[in-house]
Amino acid sequence: MTEMADFIDSLREAFFALRGLSTRMLADLECSPAERGVIAELGKEGPRPVPAMARIRGISRQAMQKAVDAMIERGWLRTEPNPEHARSQLIALTPAGDKLWALIRKREAAALTARELPVSATELTRATSVLAKLKPFFEEA
């Protein structure tokens, strides 16, 4: 299982490097990498209930609610009625949140194209496939 341990170590190191890049890139916006993740999820998937966002991150509903409440106070998120569940409102981006998401995407695109990637598109596709196959394995462990 050395290959798996090496893979996990490499993945963890890449995650921390990416988080560092995100922290530096977002510092002047006063947006953390974790907040960026919430904004990205809502920007890509549309309004979502807090419990669903918490499940994806493997955190408690209460911790997710605390983060969402802080982002609502900052004007990036809002609540709206959930037609599928009367007590669990949907969380959505506000116009300010949409603007922030567009700015983040623009900055990320610039950072990713500023230098030549050290891997090919084929390697990225393969890595993406491997991670997609491993996700359920880790979730079921």
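Both backbone and side-chain heavy atoms feed into the values below; hydrogens, waters and symmetry mates do not.
Atom CG in Leu21 sits 8.0 Å away from atom CD in Glu108 (nearest 0.5 Å). We find the OG-CZ distance between Ser32 and Arg19 to be 10.0 Å, quoted to the nearest 0.5 Å. Once rounded to the nearest 0.5 Å, the distance linking CD1 of Ile72 with CD of Gln65 reads 6.5 Å. Distance check: Met53 CE to Glu45 CD gives 11.5 Å after rounding to the nearest 0.5 Å. Rounding to the nearest 0.5 angstrom, the gap separating the CZ atom in Arg48 from the CZ atom in Arg55 is 8.5 Å. Between atom CZ of residue Arg87 and atom CG of residue Asn82 there is a gap of 12.0 Å, rounded to the nearest 0.5 Å.
Looking only at distances, a side-chain donor or acceptor of Ser10 sits under 3.5 Å from a matching main-chain atom of Asp6. A donor-acceptor pair under 3.5 Å is absent between the side-chain atoms of Arg57 and the main chain of Met64, judged by distance alone. Side-chain atoms of Arg36 never come within 3.5 Å of backbone atoms of Ile104 as a donor-acceptor pair (strictly under, hydrogens ignored). One N or O on the side chain of Arg24 and one on the backbone of Gly20 form a donor-acceptor pair closer than 3.5 Å. The main-chain N or O of Val38 is never found under 3.5 Å from a side-chain atom of Glu41 such that the two would form a donor-acceptor pair.
In the displayed structure, Arg107 atom CZ is contacted under 6.0 Å by more than 12 heavy atoms of other residues, nucleotides or ligands. Counting non-hydrogen atoms of other residues, nucleotides and ligands closer than 6.0 Å to CD of Gln62 gives a total above 12.
Between Asp69 and Lys66 no salt bridge is recorded (no basic side-chain N to carboxylate O distance below 4.0 Å).
In the hydrophobic clustering of this structure, Leu103 groups with Trp76; members are Ile, Leu, Val, Met, Phe, Trp, Tyr whose side-chain heavy atoms approach within less than 4.5 Å, directly or through other members. Under the 4.5 Å side-chain contact rule for hydrophobic residues, Leu134 and Leu11 share a cluster. When the side chains of ILVMFWY residues are joined at heavy-atom separations under 4.5 Å, either directly or via intervening members, Val68 and Leu29 end up in a single hydrophobic cluster. A chain of hydrophobic side-chain contacts below 4.5 Å, direct or via other Ile, Leu, Val, Met, Phe, Trp or Tyr residues, connects Val130 to Met4. Hydrophobic clustering (ILVMFWY, side-chain heavy atoms < 4.5 Å, transitive): Ile39 and Ile59 are in one cluster.
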Practice problem: Tell me, with the steps shown, if Leu131 and Lys135 meet side chain to side chain contact (heavy atoms under 4.5 Å, CB included). | Solution: CA-CA 6 Å; Leu131 289 172; Lys135 183 178 178 262; over 6 Å; no
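Looking at Ile91 and Met71, their side chains never come closer than 4.5 Å, going by heavy atoms from C-beta outward.
The minimum heavy-atom distance between Thr23 and Pro33, with the atom names listed, is OG1-CG, 3.2 Å. Between Ala63 and Ser60 the shortest heavy-atom distance is N-OG, 3.0 Å. Heavy atoms only, all atoms of each residue included: Ala96 and Gly75 are closest at CB-O, 3.5 Å.
Under the 4.5 angstrom side-chain criterion for Ile, Leu, Val, Met, Phe, Trp and Tyr, the cluster partners of Val119 are Leu117, Leu124.
For the side-chain contact (heavy atoms from CB on, under 4.5 Å) with Leu90, the lone residue among Arg78, Glu84, His85, Glu80 that qualifies is Glu80.
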